[in-house]
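See below for the structure under consideration.
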Amino acid sequence: MSETSPKLRAELEGIPTYKPGKPAAAGGPVAYKLSSNENPYPPLPGVLETVTAAAGNFNRYPDLACTGLVAELSDRFGVPLADLATGTGSVGIAQQLVQATSGPGDEVIYAWRSFEAYPIVTQISGARSVQVPLTPGDVHDLDAMADAITDRTRLIFVCNPNNPTGTVVRRAELEQFLDRVPDDVLVVLDEAYREFIRDPEVPDGVELYRKRPNVCVLRTFSKAYGLAGLRVGFAIAHEPVAAALRKTAVPFGVSQLAQEAAIASLRAEDELLGRVGSLVCERTRVVDALRAQGWTVPETQANFVWLRLGERTVAFAQACEDHGVVIRPFPGEGVRVTVGEAEANDIFLKVAEAYRKEL
């Protein structure tokens, strides 16, 4: 047998591996998972019933065009059907956007640290990542990002709120940034955590899309809507971009269960957003408690908090796990902690208080 392996693309060498939030260990000391920014509430009864009914037909392919969901989204956001595209979560659509715009010799700009899928999907396409450091306050440095644009730039990601820091860019600075971006460069406003924003100065990306043909908005049902396990997201973009997303989509990627659950969730939006309001109240409680303990916590508009711990990151994450909560460490940088059930948040706060006293 030949020892020669099949030739694979050189761009895949050294590609970073996406690291999901660590699950709670079965039968172990970890009782709560605060590592993946999931909604801790179970599905709403109406949504669960809808999915259960749809499960009786999963021997059939789903609706390729997601017709019912796209129609619902069109009504909900007041956008043309042609300006919508669906995918396997917003991360799936992010990969399609890079595929549609960027290849070898092209550049993709994003802040760092930001969503860890950006370098992965960029490298898969053969394009080059241009990572622009966050400001000392862990916010996007939009001036530096604009300065980084070259004639090879094809795509810019702006994660707002930013994952994992929870920080936001506000209307005036974002508008000024967009004014500096050439019209032929696509700007993707990744708004996976949009529903958790309470700062009135943070713009709704959909309103920016209406005025700017080079703006695309990403949203997901994984976070606030609590459908993380069903993998469904969507993009709102002007027709040429939305059409490109439909071309690059994996056929039948969004299951019928996911489509029906998303429709039911949109129709139950008032109750869902009530749950989001409860999580926002918990977020305030957690941030206030951490600051009272002496921690420096960036202002977060997402459903998580960020603690910059440097070399103490892994040790702190282990201390949390030892006491029953698993969080998301970024070794050498910091930890991201989801705002979850009050009981889980209380355990985390107790660990944080004890750890702070030892510093």
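Q131 and Y110 share a donor-acceptor pair across their side chains, judged by distance under 3.5 Å alone. Using a 3.5 Å distance cut-off with no hydrogens or angles, the side chains of R194 and N160 do not pair a donor with an acceptor. Between Q318 and D322, the side chains place a donor N or O and an acceptor N or O closer than 3.5 Å (distance only, hydrogens not considered). In this structure, a donor-acceptor pair under 3.5 Å is absent between the side chains of D138 and T167. Between the side chains of R283 and T300, no donor N or O sits under 3.5 Å from an acceptor N or O.
Within the 3.5 Å criterion, the main-chain N or O of I327 finds no donor-acceptor partner in the side chain of R336. Judged by distance alone, with hydrogens and angles left aside, the side-chain atoms of Q301 form no donor-acceptor pair with the main-chain N or O of P161 at under 3.5 Å. Using modelled atom types, no side-chain atom of S35 and backbone atom of R328 make a donor-acceptor pair closer than 3.5 Å. Between the side chain of T122 and the backbone N or O of Y118 there is at least one donor-acceptor pair closer than 3.5 Å. Judged purely by atom type and a 3.5 angstrom limit, Q96 has no side-chain atom pairing as donor or acceptor with the backbone of G87. A donor-acceptor contact shorter than 3.5 Å links the side chain of D63 to the backbone of T67.
For CZ of F252, the number of neighbouring non-hydrogen atoms (other residues, nucleotides, ligands) closer than 6.0 Å is greater than 12. No more than 12 heavy-atom neighbours from other residues, nucleotides or ligands sit within 6.0 angstrom of CZ on R60. In D179, the CG atom is crowded: over 12 heavy atoms of neighbouring residues, nucleotides or ligands sit closer than 6.0 Å.
Of all heavy-atom pairs spanning C66 and T86, the tightest one is SG-OG1, 3.3 Å. A pairwise comparison of heavy atoms in V108 and A127 identifies CG2-CB, 4.3 Å as the closest pair. Scanning all heavy atoms of the two residues, the minimum distance from V132 to A144 falls at CG1-CB, 3.6 Å. Across all their heavy atoms, L272 and A224 have their closest contact at CD2-O, 4.2 Å. Closest approach of L64 and P251 over heavy atoms only: CD1-CA, 3.8 Å. For the residue pair H140 and V169, the shortest heavy atom distance occurs at CB-CG1, 3.6 Å.
Taking the side chain as every heavy atom from C-beta outward, L266 and L73 approach each other to under 4.5 Å. Within the 4.5 Å cutoff, the side chain of E38 has no heavy atoms near those of the T338 side chain. The closest side-chain heavy-atom distance from I347 to Y32 is below 4.5 Å. Using a 4.5 Å heavy-atom cutoff, the side chains of F115 and V91 are in contact. A 4.5 Å side-chain heavy-atom check between P213 and D183 finds every atom pair outside the cut-off. A heavy-atom distance below 4.5 Å is found between the side chains of V241 and L97. For the pair V188/L186, a side-chain contact is recorded, criterion being any heavy-atom separation below 4.5 Å from C-beta on.
E333 and R113 are joined by a salt bridge, as a carboxylate oxygen and a charged side-chain nitrogen come within less than 4.0 angstrom of each other. Between E299 and R170 there is a salt bridge, since a side-chain N of the basic residue sits under 4.0 Å from a carboxylate O of the acidic one. Salt-bridge formation is detected for the pair E207/R210: a Lys NZ or Arg NE/NH1/NH2 atom is positioned less than 4.0 Å from an Asp or Glu carboxylate oxygen. Note on K223 versus E191: no salt bridge recorded, every NZ/NE/NH1/NH2 to OD/OE distance being 4.0 Å or above. A salt bridge is defined here as a Lys NZ or Arg NE, NH1 or NH2 lying under 4.0 Å from an Asp or Glu carboxylate O, and R285 with E282 meets this definition.
The hydrophobic cluster containing I263 also contains L81, counting ILVMFWY residues as joined when their side-chain heavy atoms lie under 4.5 angstrom apart, directly or transitively. Cluster membership for L44 and L257, using ILVMFWY side-chain heavy atoms within less than 4.5 angstrom, is shared. Under a hydrophobic-cluster definition in which Ile, Leu, Val, Met, Phe, Trp and Tyr are linked whenever side-chain heavy atoms come within less than 4.5 Å, directly or via other members, L134 and F177 are assigned to different clusters. V98 and V187 fall into different hydrophobic clusters, defined by Ile, Leu, Val, Met, Phe, Trp and Tyr side-chain heavy atoms under 4.5 Å apart, directly or through other members. Connection of L84 to V232 is established within a shared hydrophobic cluster, with ILVMFWY side chains joined at heavy-atom distances below 4.5 Å, either directly or through further cluster members.
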Could you go through N345 and L34, starting from their C-alpha distance and side-chain angles, then the distance that decides it, and tell me whether this counts as side chain to side chain contact (heavy atoms under 4.5 Å, CB included)?
CA-CA 9 Å; N345 301 332; L34 301 181; 4.3 Å; yes
Checking side chain to side chain contact (heavy atoms under 4.5 Å, CB included) for the pair R219/V217: CA distance, chi angles, key distance, verdict?
CA-CA 7 Å; R219 299 281 179 90; V217 180; 3.8 Å; yes
List the steps, then state whether side chain to side chain contact (heavy atoms under 4.5 Å, CB included) holds for D83 with Y209.
CA-CA 10 Å; D83 286 9; Y209 131 89; 2.6 Å; yes
Q123 and S129: side chain to side chain contact (heavy atoms under 4.5 Å, CB included), yes or no, with the steps?
CA-CA 7 Å; Q123 191 168 338; S129 286; 6.0 Å; no
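Aromatic pair W112/F157: centroids not less than 6.0 angstrom apart.
The list of salt bridge (charged side-chain N to carboxylate O under 4.0 Å, His left out) pairs with a residue in residues 250-269, not counting sequence neighbours, reads E72-R267, R76-E269. For the salt bridge (charged side-chain N to carboxylate O under 4.0 Å, His left out) condition, the pairs that include at least one residue of residues 97-107, sequence neighbours left out, are D106-R154, E107-R128, E107-R152.
From R231, atom CZ reaches atom OG of S222 across 4.0 Å, with rounding to the nearest 0.5 Å. With rounding to the nearest 0.5 angstrom, the CD atom of E271 is 10.5 Å from the OG atom of S265. Annotation: the span from I93 atom CD1 to L218 atom CG amounts to 6.0 Å, rounded to 0.5 Å. With rounding to the nearest 0.5 Å, the separation of OG1 in T101 from CG in D184 is 11.5 Å. With rounding to the nearest 0.5 angstrom, the OG atom of S125 is 12.5 Å from the CD1 atom of I120. Taking CG from N39 and CD from E195, the interatomic distance works out to 10.5 Å, rounded to the nearest 0.5 Å.
Shown here are the side chain to side chain contact (heavy atoms under 4.5 Å, CB included) partners of A53, two or more places apart in sequence or in another chain: there are none. Every residue two or more places apart in sequence or in another chain that forms a side chain to side chain contact (heavy atoms under 4.5 Å, CB included) with E175 is listed here: R171, L208, K211, R212.
Using cut-offs of 30° and 60° on the angle between ring planes, the pair F316 and F348 is perpendicular.
As a member of the Ile/Leu/Val/Met/Phe/Trp/Tyr network built from side-chain separations under 4.5 Å, F304 groups with Y41, Y193, F196, L273, V276, L279, V280. Grouped by direct or indirect side-chain proximity (heavy atoms under 4.5 Å, Ile/Leu/Val/Met/Phe/Trp/Tyr only), I197 sits with V168, V202.
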